[in-house]
2 protein chains.
Amino acid sequence: MTATPRYQQIAQMLRAAIANGTYKVGDLLPTEQELCATHEISRHTARDALRLLTEAGLVTRKRRAGTVVAAATPPTVFVQPLGGFQDLLQYARDARLKILAYGPAPADGFARELGLDPGGWRELRGQRGTGTATVGLTRVLVRTDCAPTQAEIEERPTIADAIEARYGIAAARIDQQISAMVLDGQVASLLGSEPGSAALLTRRFYHDGHGALFLASESAHPADRFVYSMSFNRERSE
Amino acid sequence: MTATPRYQQIAQMLRAAIANGTYKVGDLLPTEQELCATHEISRHTARDALRLLTEAGLVTRKRRAGTVVAAATPPTVFVQPLGGFQDLLQYARDARLKILAYGPAPADGFARELGLDPGGWRELRGQRGTGTATVGLTRVLVRTDCAPTQAEIEERPTIADAIEARYGIAAARIDQQISAMVLDGQVASLLGSEPGSAALLTRRFYHDGHGALFLASESAHPADRFVYSMSFNRERSE
DNA sequence: TGCCTCTATTTGTCCGGACATATTTTCATT
DNA sequence: AATGAAAATATGTCCGGACAAATAGAGGCA
């Protein structure tokens, strides 16, 4: 009869009440004590129910303030999980970064294009590929206070990994923009492609825990050799 | 001194023990009773600690079998949350789909390119934009047993939304591939772009709960009008 | 009015216990 | 040896209680 546990039943009732507007966003849910009284359950059971709602992101709880509705529906429907920086780059596992140049950011270089002061950054130019096949041409800006050496970069799969290993600065947020471009003669020859062919252009911005940018990159990938794939899964919410 | 709660301390100790190989993947962690005895805590506290590890995906628990290590490191480091189908498409909120053609899939059309039997699918051609500005040219395949009418599609922001509303078929997994292309004369004129300019090409495959494909789309977006942006956040694991 | 302190309230942590349920192991039976 | 019943065991659910910590709100004070 009562196959589902009590605390899940309570949680489901509250979820429904939130969904149908009985409790609107910003409203206060009943306190734990009130739930205990109205449903004749122990405080522990009430807490378990509210814990489910908290984990789903539907409510937030604060001492003395109570439980307030944060969203009428579970905030995220789909998620794209990433195992690490390599999954973001989507190069083959054995693709290596060949560094062509690495030094203080020139005044008229990548930093200027992004509206950054070249003084505080180091610029790297390189190409990525496996063996002789080049799959991407890259420009990178690294903040000088967390710039690894060339050797440290080359022994890690990505620059972000090198920074995390060397300086302990971990990316908290990464913004990525993908657009398309037509290869001009110079870039095409570096990539071994036909001038006038298409390429994918990815820009990535790595932010630390304070939201400050510490790493930026721009890469061109010939369309005939590179497709950016991603997979989204619907979150289980029961 | 002991600012952090006991159960979080225990969880951290276990996390560390898993990370440094004291417990390897597949090993059994101490039972709740053993944790109670060794750390002189109540079973409730031990359970709270193990709950944290379970939520992080580090361990799985089964009655009688105990707690086994599922992964040495938290499985997902970054997540890209999506609120719905519109976030995937990344068109402006007021962008509308103008349907140019909608009917049974022709034998030599999009279905053939994807290796699908044209008999079971309906093909749609359209363009998306706001007012007069066209931002994308689209080909879509819809499985015939869940194909909405043209009116149903036009009154919803996306075709996936229309299918979910009309047939109750919700996408469980969406695969997306992004590549680049050069616009030829015919497509360029439809999009109002220069022939030979670059465009972003997105292919999306929507799968239902059984993993079966029910919706596929291919869209071309002029690079000068469209950039695909995404944001990844590091998962909080504490 | 503005600022401060104090209090009451609500959630967070932790303890103790009990029974339920699923699953493995053991052992008796065939 | 194969099968099936029973026991043992680890987690899941639920109850009761107690104190701690944070903080919104009331009330007092300048």
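Between A:Ser42 and A:Lys62, the residue anchored closer to the 5' end of DNA chain D is A:Ser42, taking for each the nucleotide with the nearest heavy atom. Of the residues near DNA chain C, A:Arg47 and B:Ile41, the one whose nearest nucleotide (by heavy atom distance) lies more toward the 5' end is A:Arg47.
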Could you list, one pair per line, each protein nitrogen or oxygen that sits under 3.5 Å from a nitrogen or oxygen of nucleotides 18-21 of chain D, together with the distance?
residue: D:dA18; atom: N6; partner: A:Arg43; partner atom: NH1; Å: 3.2

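Not counting sequence neighbours, the partners of A:Arg43 by the side-chain contact (heavy atoms from CB on, under 4.5 Å) test are A:Glu32, A:Gln33, A:Cys36, A:Arg47. Remark: A:Thr130 engages A:Ala92, A:Asp94, A:Ala95, A:Ala133 in a side-chain contact (heavy atoms from CB on, under 4.5 Å) (not counting sequence neighbours). Judged as a side-chain contact (heavy atoms from CB on, under 4.5 Å), and not counting sequence neighbours, the contacts of A:Ala171 are A:Phe85, A:Ile174, A:Tyr206, A:Phe214, B:Phe78. Listed by chain and residue number, nothing satisfies the salt bridge (Lys or Arg N to Asp or Glu O under 4.0 Å) test with B:Arg122 (two or more places apart in sequence, or in another chain). Legend: residues meeting side-chain contact (heavy atoms from CB on, under 4.5 Å) with B:Ala170, ordered by chain and number and at least two apart, are A:Arg234, B:Glu164. By the ring-ring contact (aromatic ring centres under 6.0 Å, His included) test, A:Phe205 pairs with no residue at all, sequence neighbours left out.
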Which donor-acceptor pairs under 3.5 Å do side chains of residues 146-153 of chain B form with protein atoms, sequence neighbours excluded?
residue: B:Thr149; atom: OG1; partner: B:Glu152; partner atom: N; Å: 3.2
residue: B:Glu152; atom: OE1; partner: B:Thr149; partner atom: N; Å: 2.9
residue: B:Glu152; atom: OE2; partner: B:Arg166; partner atom: NE; Å: 3.0

Side chains of residues 155-163 of chain A: which donor-acceptor pairs under 3.5 Å do they make with residues two or more places apart or in other chains?
residue: A:Thr158; atom: OG1; partner: A:Ala160; partner atom: N; Å: 3.4
residue: A:Thr158; atom: OG1; partner: A:Asp161; partner atom: N; Å: 3.0
residue: A:Thr158; atom: OG1; partner: A:Asp161; partner atom: OD2; Å: 2.7

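Summarising the geometry, the separation between CZ on A:Arg61 and C1' on D:dA24 is reported as 17 Å, rounded to the nearest angstrom. Going from atom CG of B:Leu35 over to atom P of D:dA10 covers 12 Å, rounded to whole Å. Going from atom NE2 of B:His44 over to atom C1' of D:dG12 covers 12 Å, rounded to whole Å.
Within the nucleic acid shown, B:Glu34 has no heavy atom closer than 4.0 Å to any nucleic acid atom. Within the nucleic acid shown, B:Gln8 comes within 4.0 Å of sugar-phosphate atoms alone, with no base atom in reach, counting heavy atoms only. Within 4.0 Å of A:Leu50, counting heavy atoms only, lies no atom of the nucleic acid at all.
Rounded to the nearest 0.5 Å, atoms OG1 (A:Thr31) and CZ (A:Arg64) are 11.5 Å apart.
Note that the first and last nucleotides of DNA chain C, 5' to 3', having any atom under 4.0 angstrom from a heavy atom of chain A are C:dA8 to C:dT13.
Contact annotation: B:Thr67 reaches the phosphate of D:dT11 (side-chain N/O to OP1 or OP2, under 4.0 Å).
The stretch residues 25-33 of chain B touches DNA chain D through B:Thr31, B:Glu32, each having a heavy atom within less than 4.0 Å of the strand.
Within the structure, ring pair (Phe, Tyr, Trp, His ring centres under 6.0 Å) contacts touching residues 5-46 of chain A (residues at least two apart or in different chains) are A:His44-B:His44.
With respect to the salt-bridge test (charged N to carboxylate O, under 4.0 angstrom), the residues A:Asp48 and A:Arg51 qualify.
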